[in-house]
*Asks:* 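I have a structure I would like to understand better, so I am pasting it below and will then ask my questions one at a time.
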Protein chains: 2
Amino acid sequence: MLRSALNRLVRKLEAEGTPLAPAEKEALLRLPLTLREVRADQDIVRQGDRPTQCCMVVEGFLCSYKMLPDGERQILSFHVPGEIPDLQSLFLEKMDHALTTIAPSTIAFIPHEAVNVLLEQHFRIARILWREMLIDAAISREWIVNTGSRDAYARISHLLCELFYKLQAVGLTKGTSFNCPITQTEVADATGLSTVHVNRSVQELRGNRLIEWERGTCTILDLQALEDAAMFDLDYLHLASAGAA
Amino acid sequence: MLRSALNRLVRKLEAEGTPLAPAEKEALLRLPLTLREVRADQDIVRQGDRPTQCCMVVEGFLCSYKMLPDGERQILSFHVPGEIPDLQSLFLEKMDHALTTIAPSTIAFIPHEAVNVLLEQHFRIARILWREMLIDAAISREWIVNTGSRDAYARISHLLCELFYKLQAVGLTKGTSFNCPITQTEVADATGLSTVHVNRSVQELRGNRLIEWERGTCTILDLQALEDAAMFDLDYLHLASAGAA
DNA sequence: CGACGCTTTGACCCGTTTCAACAATGGTGG
DNA sequence: CCACCATTGTTGAAACGGGTCAAAGCGTCG
């Protein structure tokens with residue numbers, strides 16, 4: 001289990017394109033990971049916390065969010081296996097958002113010190129992780145576009161395209177199907193819509209035969225049409241293959 | 001002029017809290033900067049570009065934005081003097097958004113190679129710049145909240161609070177007044193609202209005596225009330241003083 | 001079987017958009 | 001110094017996307 005967690009990390013870092021040197025790989029495998037099984041809807045880190053470790057998603061599904069004084073919850077991103085959602089806590093002491101599971105998950109914790117040592121001794125790994133964090137930032141920018149400039153139908157389409165490509169990149173899709181434990185309420189919190197309206201839009205997507213989505217499994221029936229509806233442009237995910245083009 | 005640009009950079013980096021060592025400061029001052037005066041509404045970098053240099057705002061005002069196929073423009077962030085808005089192009093080859101001036105500006109260009117050398121030789125500077133980029137990401141997250149969860153009145157209030165604190169951090173405010181060359185159309189593109197509605201909301205803010213805003217100068221009359229209206233929480237800007245608390 | 005969480009539905013309402021003018025402002029050239 | 005033009009800001013009326021509220025269906029799991 002611990003081995004598989006570390007392997008996921010190595011694979012993730014190599015997905016950038018550059019294979020790791022033996023010394024680098026070894027340094028990664030020596031990282032002191034602590035695994036934890038977490039059930040759904042458990043906060044991993046809370047807003048205002050000052051973490052001393054960061055966490056990697058080994059299995060499951062996380063999201064980060066902020067709560068507003070008026071009770072609104074805004075989801076800021078979804079995190080799939082291989083990602084290290086709060087790596088930024090290495091540099092920004094105080095969490096400005098919370099991190100929670102939205103499905104039963106396996107999380108690996110890594111002490112900050114260990115990561116800091118890693119970064120100083122292996123600048124190439126530092127560069128790869130730096131790049132990862134910038135991709136997260138690129139996704140955030142696209143989410144601004146999503147909530148700011150697209151209508152409900154396009155927003156939800158876009159979210160589904162993003163999830164599909166992110167999951168595909170880590171090998172968690174079968175064809176155009178993927179496990180999608182996100183509830184419509186969570187889609188609503190992520191897109192700035194009401195659950196009612198999300199529901200109606202999802203039904204519209206189903207009616208147009210763009211997707212099927214029930215009991216935690218989402219199948220994209222017409223990816224091209226879904227991307228068109230979403231005005232989706234893959235570039236922002238900065239996937240290795242796309243970058244090479 | 002070139003000296004003042006470099007000084008602004010040094011000051012910005014030291015604003016993090018840690019004063020730079022003489023060797024570090026010297027390395028910065030040796031950076032090969034190219035200055036350029038640019039009038040308003042000129043693209044500095046375009047979506048799809050693969051820049052070989054990055055740029056620092058010395059004077060003026062920039063914004064980054066994306067265009068959608070349907071003609072909508074979404075502004076993603078505003079950039080004030082001292083910031084290096086496209087530093088990320090060091091790590092993400094292809095620009096996923098554009099960068100443009102919204103006021104006459106002075107820009108300093110720095111070749112990627114020079115920055116790369118700097119990062120490898122001075123890990124502390126790398127850490128500071130890394131942190132800067134993460135703060136940009138934190139601001140993007142807050143913009144997701146803004147467009148996703150706040151109504152028009154709060155969105156505009158929030159934008160003004162953000163600008164005020166960012167400008168204050170680099171010493172570009174006088175009291176609670178600051179130079180604000182942003183048009184209402186740009187506010188609309190940044191907040192995902194129509195210009196008409198922005199106009200009405202700004203008038204409401206004026207009517208409630210929270211702000212004055214005319215001819216490029218914005219004065220906040222009641223900062224506390226403006227922050228309340230915006231549900232503003234300073235934490236996300238990760239200013240040095242706030243981090244120390 | 002019953003309870004709980006998630007999805008679905010209908011009816012009504014409101015914030016925001018759209019369209020279409022018009023007024024103010026500021027910069028430019030004669 | 002004024003006439004002109006292009007931006008930017010302002011206004012009103014009508015329409016619409018999406019929100020709210022409230023209740024009912026449905027799966028699933030102890």
Side-chain angles (χ1 to χ4, degrees), chain A residues 39-42 61 63 68 70-75 100-104 146-157 159-160 179-207 211-218 229, chain B residues 39-42 61 63 68 70-75 100-104 146-157 159-160 179-207 211-218 229:
Chain A
R39 60 184 197 282
D41 293 309
Q42 299 298 303
F61 239 100
C63 76
L68 289 182
D70 66 359
E72 282 290 299
R73 176 173 85 151
Q74 177 69 48
I75 291 181
T100 192
T101 54
I102 62 177
N146 214 33
T147 48
S149 299
R150 286 191 258 256
D151 66 17
Y153 188 80
R155 274 184 225 185
I156 296 168
S157 304
L159 179 57
L160 291 174
N179 192 272
C180 186
I182 303 174
T183 66
Q184 294 188 0
T185 306
E186 284 153 352
V187 173
D189 287 346
T191 53
L193 299 163
S194 66
T195 49
V196 173
H197 202 59
V198 166
N199 182 269
R200 293 198 232 263
S201 303
V202 167
Q203 286 181 57
E204 208 182 330
L205 284 167
R206 287 200 274 245
I211 63 164
E212 273 169 357
W213 185 5
E214 38 186 4
R215 258 164 283 119
T217 299
C218 180
Chain B
R39 59 183 199 282
D41 293 309
Q42 299 299 302
F61 239 99
C63 77
L68 289 182
D70 66 359
E72 282 290 299
R73 176 173 86 152
Q74 177 68 49
I75 291 180
T100 194
T101 54
I102 62 177
N146 214 33
T147 49
S149 299
R150 288 191 258 255
D151 67 16
Y153 188 79
R155 274 184 226 185
I156 296 168
S157 304
L159 179 58
L160 291 174
N179 192 273
C180 186
I182 303 174
T183 66
Q184 294 187 0
T185 306
E186 284 154 351
V187 173
D189 287 347
T191 53
L193 298 164
S194 66
T195 49
V196 172
H197 202 57
V198 166
N199 181 270
R200 294 198 234 263
S201 303
V202 167
Q203 286 180 56
E204 209 182 330
L205 283 167
R206 288 200 274 243
I211 62 165
E212 272 170 359
W213 185 5
E214 38 187 2
R215 258 165 280 122
T217 299
C218 180

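Scope of the values below: all heavy atoms of this structure, side chains included, with no hydrogens, waters or symmetry mates. Chain letters run A, B, ... following the sequence lines, proteins first and then strands; every chain starts at 1.
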*Asks:* Side chain of B/Arg155, backbone of B/Thr191: donor and acceptor closer than 3.5 Å?
*Replies:* yes
*Asks:* Rounded to the Å, how far apart are A/Gln203 CD and D/dG18 C1'?
*Replies:* 15 Å
*Asks:* Side-chain contact test, heavy atoms from C-beta onward, threshold under 4.5 Å: evaluate it for A/Ile211 versus A/Arg206 and give yes or no.
*Replies:* yes
*Asks:* Separation of B/Glu214 atom CD from D/dT8 atom P, in whole Å?
*Replies:* 17 Å
*Asks:* Is a side-chain donor or acceptor of A/Thr101 paired with a backbone partner of A/Asp41 at a separation under 3.5 angstrom?
*Replies:* yes
*Asks:* I'd like to check the side chain to side chain donor-acceptor pair (under 3.5 Å) partners of B/Asp189; sequence neighbours left out, ordered by chain and number.
*Replies:* B/Arg73
*Asks:* I want to check something: taking the side chain as every heavy atom from C-beta on, are B/Leu193 and B/Ile156 in contact at a cut-off of under 4.5 Å?
*Replies:* yes
*Asks:* Reading DNA chain C 5' to 3', which nucleotide is the first, and which the last, to come under 4.0 Å of any heavy atom in chain A?
*Replies:* C/dC6 to C/dA11
*Asks:* Between A/Asn199 (CG) and D/dG19 (C1'), how many Å, whole number?
*Replies:* 14 Å
*Asks:* Between atom CH2 in B/Trp213 and atom C1' in D/dG9, what is the gap in whole Å?
*Replies:* 11 Å
*Asks:* Could you measure the distance from the CG atom of A/Leu160 to the CH2 atom of A/Trp213? Nearest 0.5 Å is fine.
*Replies:* 5.5 Å
*Asks:* Using nucleotides 27-30 of chain D, report all nitrogen or oxygen pairs with the protein that are shorter than 3.5 Å.
*Replies:*
none

*Asks:* Looking at residues at least two apart in the chain, or sitting in another chain, which of them share a side chain to side chain donor-acceptor pair (under 3.5 Å) with B/Thr185?
*Replies:* none
*Asks:* Kindly indicate whether the side chain of B/Arg200 and the base of D/dG12 share any N or O donor-acceptor pair separated by less than 3.5 Å?
*Replies:* yes
*Asks:* Would you jot down, in residue-number order, the residues of residues 184-198 of chain B having a non-hydrogen atom under 4.0 Å from DNA chain D?
*Replies:* B/Gln184, B/Val196
*Asks:* Rounded to whole Å, how long is the line connecting atom CZ of B/Arg150 with atom P of D/dG18?
*Replies:* 21 Å
*Asks:* Looking only at side chains, do A/Thr195 and A/Gln184 share a donor and an acceptor under 3.5 Å apart?
*Replies:* no
*Asks:* Supply the atom-to-atom distance B/Gln42 CD to B/Arg39 CZ, rounded to the nearest 0.5 angstrom.
*Replies:* 4.0 Å
*Asks:* Quick one: A/Glu204 CD to D/dG18 C1', roughly how many Å, whole number?
*Replies:* 13 Å
*Asks:* Under 3.5 Å, is there a donor-acceptor pair linking the side chains of A/Thr183 and A/Glu186?
*Replies:* yes
*Asks:* Does B/Cys63 reach the side chain of B/Thr100, with side-chain heavy atoms less than 4.5 Å apart?
*Replies:* yes
*Asks:* How close or far is atom P of D/dG18 from atom CG of B/Asp151, stated in whole angstroms?
*Replies:* 17 Å
*Asks:* Just how large is the angle between the end axes of the helix from C/dC1-D/dG30 to C/dG30-D/dC1, five pairs per end, to 10 degrees?
*Replies:* 40°
*Asks:* Flag the pair A/Thr217 / A/Cys180 as yes when at least one side-chain heavy-atom distance between them is below 4.5 Å, and no otherwise.
*Replies:* no
*Asks:* Report the C-alpha separation of A/Ser149 and B/Gln74 in whole Å, then their side-chain angles, then the decisive distance to 0.1 Å, and conclude whether the side-chain hydrogen bond (donor to acceptor under 3.5 Å, both in side chains) test is met.
*Replies:* CA-CA 7 Å; A/Ser149 299; B/Gln74 177 68 49; 2.7 Å; yes
